[in-house]
Amino acid sequence: MTAVHEHRRTIPDVVSDVFTHLTTLFRKEMQLARTEVSEKFGQALSGMVMLVIGAVLLIPALVILLMAGVTALTEAGLESYWASLIVGGIALLIGAILALVGLSRLKAENLAPSRTIDQLQRDAAIAKNQIGVSP
């Protein structure tokens, strides 16, 4: 018969291990958060650059098309001021809608590091369960 030695850990050893694991977990979660925030910042920056370049190219084209619309309505028999009001009003409406949609996509909650936040909440729940704290 061989004697089986049970290795029993002391409470200070267990507490020390828990704090070591929590510290390591916290460091890894912070790395994840930095990476995710960096990705989100890159997405927002590239989106803004594309938006500016697109606006620079679209503005002259839009002016020419709006002038063509005014000319077409004038040739169809409308007074030039009515044609200008109709075309300008439609352009204003479409522009306002597009601006509101664009602003809603740039809100903070759309750029938040949601994966990191979810992971931190799961980690906190697991840590509470291992320590024995009820939620």
Requested in this report: Check whether any side-chain heavy atom of Ile126 lies under 4.5 Å from a side-chain heavy atom of Leu25, and answer yes or no.
Outcome: no
Query raised in the report: With a 4.5 Å limit on heavy-atom distance, are the side chains of Met48 and Val52 in contact?
Result: no
Requested in this report: Provide the closest heavy-atom pair for Val70 versus Ser80 in the form atom of the first, atom of the second, distance.
Outcome: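 Shortest heavy-atom separation between Val70 and Ser80 comes out as CG1-O, 4.4 Å.
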Query raised in the report: Is the backbone of Arg34 close enough, under 3.5 Å, to the side chain of Ser38 for a donor and an acceptor to pair up by distance?
Result: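 Side chain of Ser38 to backbone of Arg34, a donor-acceptor pair under 3.5 Å: no, none is there.
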First locate atom [atom1] of [X], then atom [atom2] of [Y], and finally report the distance between them rounded to the nearest 0.5 Å.
X: Met67; Y: Ile64; atom1: CE; atom2: CD1; result: 7.0 Å
X: Leu45; Y: Lys40; atom1: CG; atom2: NZ; result: 15.0 Å
X: Leu93; Y: Ile90; atom1: CG; atom2: CD1; result: 8.5 Å

Under a 4.5 Å side-chain heavy-atom rule over Ile, Leu, Val, Met, Phe, Trp and Tyr, are [X] and [Y] clustered together?
X: Phe19; Y: Met30; value: no
X: Leu66; Y: Leu73; value: yes
X: Leu62; Y: Val87; value: yes
X: Ile94; Y: Val63; value: no
X: Leu120; Y: Val37; value: no

State which residues pass side chain to side chain contact (heavy atoms under 4.5 Å, CB included) with [X]; sequence neighbours excluded, sorted by chain then number.
X: Thr71; value: Glu75
X: Ile53; value: Val49, Leu57
X: Leu85; value: Trp82

Sequence-distant partners of [X], side chain to side chain donor-acceptor pair (under 3.5 Å), two or more places apart:
X: Arg122; answer: Gln119
X: Thr10; answer: Asp13
X: Glu29; answer: none

Requested in this report: Check the pair Arg27 / Thr23 against side chain to side chain contact (heavy atoms under 4.5 Å, CB included), numbers first and verdict last.
Outcome: CA-CA 6 Å; Arg27 263 190 258 122; Thr23 302; 3.4 Å; yes
